[in-house]
Every structure is written in structure tokens, then in C-alpha cells.
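See structure below.
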Protein chains: 2
Amino acid sequence: MIKDRIKGNYLRKKIISSEEASLLIKDGMIIGTSGFTPSGYPKEIPLALVKRLDESKERISITLITGASVGDEIDGEFAKRGIISKRIPYQTNDCCRNSINNGEISFVDIHLSHLSQYINYGFLGKIDLGIIEAVEISEEGYIIPSTSVGITPTIIEKAEKLIIEINTSQPRELRGIHDIYQTKNPPYREPIPIVKASDRIGENFIPIDLNKVAAIVITDKRDDVRPFASINQNNIKMSGYLIDFLEEEIKRGRIPKELLPFQSGVGSVANAVLGGFKNSNLKSLNFYTEVIQDSMLELIDYDKVNIVSGTAITPSPEGLEKFYKNLDKYRKKIVLRPQEISNNPEIIRRLGVIALNTAIEVDIYGNVNSTHILGRKMMNGIGGSGDFARNSYISIFFTESTARNGNVSSIVPCVSHVDHTEHDVDIIITEEGVADLRGLSPKERALTIIKNCSNKYYKPMLMDYYKTITKINASHTPKILKEVFSWHEKFEKNGTMRI
Amino acid sequence: MIKDRIKGNYLRKKIISSEEASLLIKDGMIIGTSGFTPSGYPKEIPLALVKRLDESKERISITLITGASVGDEIDGEFAKRGIISKRIPYQTNDCCRNSINNGEISFVDIHLSHLSQYINYGFLGKIDLGIIEAVEISEEGYIIPSTSVGITPTIIEKAEKLIIEINTSQPRELRGIHDIYQTKNPPYREPIPIVKASDRIGENFIPIDLNKVAAIVITDKRDDVRPFASINQNNIKMSGYLIDFLEEEIKRGRIPKELLPFQSGVGSVANAVLGGFKNSNLKSLNFYTEVIQDSMLELIDYDKVNIVSGTAITPSPEGLEKFYKNLDKYRKKIVLRPQEISNNPEIIRRLGVIALNTAIEVDIYGNVNSTHILGRKMMNGIGGSGDFARNSYISIFFTESTARNGNVSSIVPCVSHVDHTEHDVDIIITEEGVADLRGLSPKERALTIIKNCSNKYYKPMLMDYYKTITKINASHTPKILKEVFSWHEKFEKNGTMRI
């Protein structure tokens, strides 16, 4: 069995225990790992490191660079022990988030499509060690990644040394699902030859310099994927609005009849919104997205899908089970690419991807906050939402009109942090309705958003606010600087934005 | 002479007076014109319309869509008379700006690379009438644009009717300077085959459906280009910092030795910063930019330039004179493309363009405001800065550390409007120094910006602010919501941000 996974005696001699491998991780290192949201990341070696440090009381501190979030074995266990001093570029772990927000971890939040090139340009320093989960490795110098590609090809190319974690829980049949294409650095970069979401333009393996492989470790630990929140009535309403909107756009000739590829953000809301497609008239769907979640597998089950192109497969635990059991069916419909390609502005704009992302809050002028609570506390990171929203055919953002049992309005006078500017947001959808902002000025946007998207409790408050600011100063984007965050301040003081 | 400019009797029969042509402009129309910053826009017909309306007391109101800003003959004279109800996507005219800020004009501020596709997708409605300045038109169905391309090809294709303004002040020798390539709409869009700034991939004319030509008007009015502010000591310092930065990056291997193409924003500061290149060791320069200003012509004079690719030639009045006189020399070094191509994310990222843009204000976390005064008043618009900053190899922003005789700090606790988020700003340069933000967390950025870029008067105030916020709340992006705009409020109250 191991012979099928690690081909060649030369490589098999490199197999060591995870405890031994963990000794290669040293204080001060910049470490890159495989993994994306959280799939296909190394598990055994991180846990061995944690165990060793717990026993030895040794303290080490590293910079950790991954494709996106990784599992609790790294982001959680490392953060708990102060092992991470700097974290790039995205995380979704409670412990890691706490450490970021209490100042223990210095977090760098960048567009996911930018990460590989930042490493290649030398902007983030030299990667001392790469730890890569793989399905297979061979003496010919190829490596088969597992449930994500992310920045793995970049880490494999750029890291000084590599540890490979062969994961036997990841089926060998994943081979062939990946499409590995890497860009050259300017001035030698060429057009990326993708013209359809289904196009395969590279190899199904990542080339690897075997001299850099310092160790190989074997594991059977599964991806620490998480269940989705259950679908609620608001999700169903938003999904319905989206489908109506798309049908109307097709009718008006503003979206072609054959539809365009969709991107769908990570998480429960995005998953739920997409879920509604299965009962719609939409068919022959193409996805050019980041993360493949349950709803996309379900759409494949419903025979609604031509292709899902992404960089990671991250369903719920049940979804993952189903995926493994029916791998033959799903692999025909899935391509996994490096995140530099899955999130590439060139391709997103060329294909005309319809971008579906979720917002933490939206302001009356159409600015979107997708990262910060009360402007200060980091949630997860911008992820790929900027790559898609900016370059999409239509940029759509979803949020329920309120949060925290109605005590927070998701439509506010001014967002407390801007991740997507007024220039990058076309459509806002809440359970109250749809605001189409295309071709509107800030004041026109304000009225449309308040009228169509705000919650009925907050609507009169927002209208009052709007009337006050437009009376006091007639300008392009009216606001009273002293009061822009008064709603947030009220929440901080009283635990509610209500009067 | 007219025979050389308007080829064919069929077309010459369409010549009418500008007064007659102005009758084609009707109330409620969506009108698109040629022109970009402000070059190559129609002059005679707009002035005839204004004269006619002044005499007849008739009132009309239109939506005006152009490539970017146009001259006072349109943006100024139209705004003065309330002719523009909606303006898309950029302007630099005092009257127009006033009308935008007093609510008479509804202004839609969008990324310049998005404009053509928004029109093509039908998002901005049907263009009723296009008014196009040209150097030549022929019965074979081609049109030679003048000193800008902008969205002219899109207007020519999409407008119901066209009026052509043949401008004899624009030399016929401009023919051949343009490179007209238009993208198809998704799902039929293909890779744009530019791999070097100098690549020519299209025709030197715009194809035109002659049936749509409702009238031809002749004029000799010149582009209303404006002088630049004189270069000051701070500009020279910033230019020096940029050159040092570039040389250091080359030395460290983070920018290739052969350099990469530059983009340079519009206006006096950008022009001045670039001016410093002529006395540097940098040579064989390539530009992949929007607007060709004086400093680029000068760099051609100094034999420092391989190619300048842009969408408009907008030098000062003296620069324009020089350009016309030495057209043979300059045209070999210049390519003018549609703004959809000059500003295209695909090409900017592929070529690795180094983006040089100017900011109105920058905050301690690296967010940039490039459009709004005190968060409310529109200056010009985002223009192409977002197209370039987001997709560049390195995104550099310039601002003097203070404005209004030192009464305004350009480095503030929080920008009053966000056009470029923390995710899109790599380097900030003021006359005080350089802040390199790559790979830094918000708090690390704050210390770097305050230390390296802020004015010595405001530095202790910013440090005090930073100490206060980090003491009161340790979070990813510390801030006190009530106080984030206290500096701006102080300025509104006292006319200064000083204590």
C-alpha cells in the first residue's frame, strides 16, 4: 500500500516518524504549508510538534503561510501555544482569531490571488520549510496533492526544504482531479489559456525537486471539515431573489441565455443560497470558484452542473463522506487549480464570472465590510472575495438584514471597515429584497439600499439618518463625520442598535 | 483638405453646421462622447448646443458618458446650464464638480476599465447618440480617432446614431499611433494577446457603420489641455525616494534588472515624480499607463523610453505644441489603446506594471482616499487608479505629508472615504520618506507609516493617537469609533488639524 503512495526506494528511505520530522521545525522559520479552508493541510507533523513542545517546554515561534485557513491541528493548536508570530493570509479558527485580536499574532490579510506571486516576487521573504499533504509522491519527481491545491505548487517550488505528509485517508483516485499550471514572473508571464471554466491547461501533478525532500511522514488523519449552519428561511428568501434576478437579467439580455460561471463564497450563507439552485430552472451550471461545498456536490447529484472549477473541496463531514464514496462521479465534474489560477483576475473577467459573496455589513452607499467586527476585530480575512467581486461580470453581496437577534442592522450609515468599495458592489441581496446599484450615484444607492434591503425595524431610522445628512450637507456623499459610527457606538454601549 | 479628412462624396454630403448638428441632441438622451482627460473630445457641437440653448431658453437634460474627463466646452459649459443630469465616470472641471457636490448632477464613479464592458453588457442603458472627434473618416468604414481613444470604439459600436466632429487641429499624422482592439462579451471573450507594453494587437482605425452617421461637423478647435503646477521641492524629494526604492529592489532581486513597465497617475504630482527619472540611471523605460503627460514626452527627448502605451495624450499647452511639432519622433514611441485595454487587469498583472498613483489622504493602516474631501465632497473620481493599484506588481501611492499650508495632515487616523483598501497599497511615499507595507499587519503598518511618512508636526500627535487606541483596545485594527474622524472634525471647526 505504501509502495503505491511513495514510489521508489529512494523516497521510502525518507520515511520517518512525525516526532522526528517535527524537529525540522525551528524557531524563527517562515513555514509554508498546503491547505485551503481547511482541506488538504498537514495534520500529523503539526500535532507531533505540539506534543513535543508540550513535553519539552521548548518555545518556538514561526511565520505561517498557507493557501487559506487550515484545520485546528495547526491554526488552533499552534495559536493556543503561541507558536505563530505572523499568520498569512486567512484563518477561520477561534483560537487563532483570538490571538490575532489580542495582539499575539500579527496577521496579514491579503487577496488570495496575490499570495503566490508575492512569494515568487520575494516580498514575503524566503520560505524555510514547506509541509505538504499529498496523496502520492514518485521518484520521477511528481507529487499528487489531496483535497486542495492552494499555494502548494509555490511552496514546493520556493521552500528550501520540504516535508511530505502522505495521507492515506485521501483516496488515490484523487489523481487526475487537479490541473497544475504555474505562471512565470513578469516580464516573462504569458496569457493564461483558460477560456472555459472546464479547460484543463496543466499537469495533474506538481513537479518536485526530490533533493529538497527532507522527510516523509505517513498519516491517515482526515480533513477537519466542519458542518454548515442549518438553512433558515432568510437564506431561502435570498436564494429566491437571486434566481429571480438572474432570470430577469437573462430576459432583458443583460446576462446571456447560456448563463455565465458562478463563484460562491465560503460558508453557510453562500452554501445555502446556492442550494436553492437545485429547485430552479437554471441548468448546465458552470462554477469558477474557490471552494467546493455541499451545495455544489448536491447540484452535481441533481445533474445541474457542467463543471465546478475550484482550488479546494471543503464540504461538511457528511459531504466529504459522500464525496469519497462517489469519487468517480464527482471527479468528472471537478477541476482543482492553484489559487493563483482559481482566483485570477484575468480569468474571472474573461469568463464573466457572476460573483456571490457574503458581507458582514453594508453601508447605505454600497461599501462592504467583510472582515472586521466593529471596525476592529478580525473575523477571518478578505479571502478571495476581492479577486472575484472586482473582476466579476456582476458583483453580488448577500447579508441578512440584521444580526444578533435583530440587535444589529447589517445596513448601516457607514461600514466600520471597508473591504469592497462602492466601486466594486453591483447588487445587494438581503431577505428583504434586492438593491441594484449599477449606474447609480451614492445618494441614489442610499435610497435603493434602504428601501429594498433594510429591515423594517431599521428602515425608518435609516431614512431619518439619510434625511438629516442630506439636509445638513448637500454633497456627493453626504455624511456627518461625528455621527457616521453612532449606530456602532450605540451597540457597544447598549448591546443593540435599536433606539 | 477636407477631401483628405472625409473620404468619399457620400460622407461629405453629411457635413452640416454645428448649429444644425446640435439639434440632434435631445432632452432625456444618454449621450456618449469621445475624450479622455481632456483630449480628443468634441468641442464644436457642444458649444453650438450651448449657444442655441442660451438663445432659445430651451432646457434639456442628458446623461453624459465619456472615457474620462472632457474639456470645459462640455463638462464646464454643460454643467453651468444644468444640461447634465447624470455624469459617468470621471471629471476634473470646477463647474461640473460643484454641480456634483450641490446635488444637481448625479455622478457615477466607476473604475475606468469597467466602463466599456458595462456599456456592452447593457448595464448603463442604450446610448442614444455618440459624438466623436476624429482626424479622418472614410467610406470604407473606418475612423481615425485623435489624441485619445478612451471608450470611443464602444460608443461607435453601441450608439444608435453618431455625429462625427472632424478636427483639423489634430494632425493627420496621428494615423498609425492608435491600436484598436475590442473584447467580446463573455462567454466569447478570449485572452488579450499583449505580452509586452509595445505590442500592437489591433487595427489603427475604428470600424464604423456609416448608416449610423447622422452628421459630420468640421472644427479646428484645440484640446483644452491645462498647464501643470510647477514642480516643488517635495515633488523632487518624492521622486528621489522612488528612484532609490526601485534601485534597492533591483539590487535585492525583487524587481528584475530589466525593470518593469510603469503606470503613472494623472496630474501635477505624478508628472513631477516621473520627471525625476530623466536624471536617474534608469533607462529603456516602458510605460503601460493611461495618460501621456509632459514628463513622458521629456523622457522620450532624453532617449530614456522604449515605449509609452496609454489611452490619451494630455500634456500641458506647451507640451501639446511640442508633441505636434515633433510628431514623427513621438509617434514611434507611443501606442494609444482603448481604455478597456490600457487599464485591463489581465494585462496590468501579466506585465507586472509598477503603479504610481496619488492619494488625497492615507490612514495609518494603509487605506487610501483618492476621491473625497472630508468624506463628502467629490474631487475628480477614482479614474484608473483602482485598475492599476489592485493588479500591479507593486502598488505605490504618493502624497505630500500635509496639505493647505500644513493645516491638514495627509496621514490621518482614518481616511474619510476608502477607494483603495489596506489590501491594495504596498508602498506610501511622502516628502518625509517611504513606508513599505508589504507583509505587515495593520499595527505594524501604522508604526511604519507614522514613523516614515508623517510630517514632523503631526508625527507626535499620530503617535499619541496610536498609543491611546492600542492601550484602550488591543485588537487587529485598533480604533475608537467616536474619535476616528476627530482630526477631520477639528479641521472643519478650526480650519486646521493642528492642536
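Residue numbering restarts at 1 for every chain, and letters A, B, ... go by the order of the sequence lines.
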What distance do [X] atom [atom1] and [Y] atom [atom2] have between them, rounded to the nearest 0.5 Å?
X	Y	atom1	atom2	value
A:His114	B:Ser392	NE2	OG	7.5 Å
A:Glu489	B:Ile480	CD	CD1	10.5 Å
B:Ser475	A:Ile100	OG	CD1	12.0 Å
A:Ile347	B:Glu346	CD1	CD	7.0 Å
A:Arg254	B:Phe123	CZ	CZ	7.0 Å
A:Phe107	B:Thr477	CZ	OG1	10.0 Å

Less than 4.5 Å apart, any side-chain heavy atom of [X] and any of [Y]?
X	Y	answer
A:Arg349	B:Pro345	yes
A:Pro186	B:Leu351	no
A:Arg350	B:Pro191	yes

Given the options B:Glu483, B:Lys377, B:Glu444, which has more heavy-atom pairs under 4.5 Å with chain A than any of the others?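 Top count of heavy-atom pairs under 4.5 Å with chain A: B:Glu444.
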Look at B:His420, B:Glu190, B:Lys443 and state which one has the largest set of heavy-atom pairs under 4.5 Å with chain A. B:Glu190
Shortest non-hydrogen contact from [X] toward [Y]:
X	Y	result
A:Val108	B:Ser441	CG2-N, 3.9 Å
A:Thr421	B:Asp419	CG2-O, 3.5 Å
A:Pro256	B:Pro187	CG-CD, 4.0 Å
B:Lys479	A:Gly375	NZ-O, 2.7 Å
B:Asp109	A:His423	O-ND1, 2.8 Å

Indicate the ring-plane relationship of B:Tyr121 and A:Tyr393, choosing parallel, tilted or perpendicular according to the 30° and 60° boundaries.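 Taking A:Tyr393 first and then B:Tyr121, their aromatic rings lie parallel (interplane angle under 30°).
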Can you classify the ring geometry of B:His476 versus A:His372 as parallel (below 30°), tilted (30 to 60°) or perpendicular (above 60°)?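 It falls in the tilted class, 30° to 60°.
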Counting heavy-atom pairs under 4.5 Å to chain B, which of [options] comes out on top?
options	result
A:Ile192, A:Leu260, A:Ile110, A:Asn102	A:Leu260
A:Gly122, A:Gly103, A:Ser106	A:Ser106
A:Ile382, A:Ile194, A:Ile105, A:Ile394	A:Ile382
A:His417, A:Arg189, A:Arg252, A:Arg97	A:Arg189

Give a yes or no answer on whether the side chain of B:Arg390 reaches the backbone of A:Gly386 with a donor-acceptor pair at less than 3.5 Å. yes
Just by distance, do the side chain of B:Lys86 and the backbone of A:Gly439 share a donor-acceptor pair under 3.5 Å?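 A pair under 3.5 Å: yes.
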Counting only heavy atoms closer than 4.5 Å, note whether [X] contacts chain A via side chain, backbone, both or neither.
X	result
B:Val484	side chain
B:Ser113	both
B:Leu481	both
B:Ile88	neither
B:Asp426	side chain

Chain B heavy atoms under 4.5 Å from [X]: which part of the residue, side chain, backbone, both or neither?
X	value
A:Tyr365	neither
A:Asn391	side chain
A:Arg87	neither
A:Lys482	both
A:Thr183	neither

Just checking A:Lys126: does its NZ atom have more than 12 heavy atoms from other residues, nucleotides or ligands closer to it than 6.0 angstrom? yes
Residues B:His111 and A:Asp424: side-chain donor-acceptor under 3.5 angstrom: yes
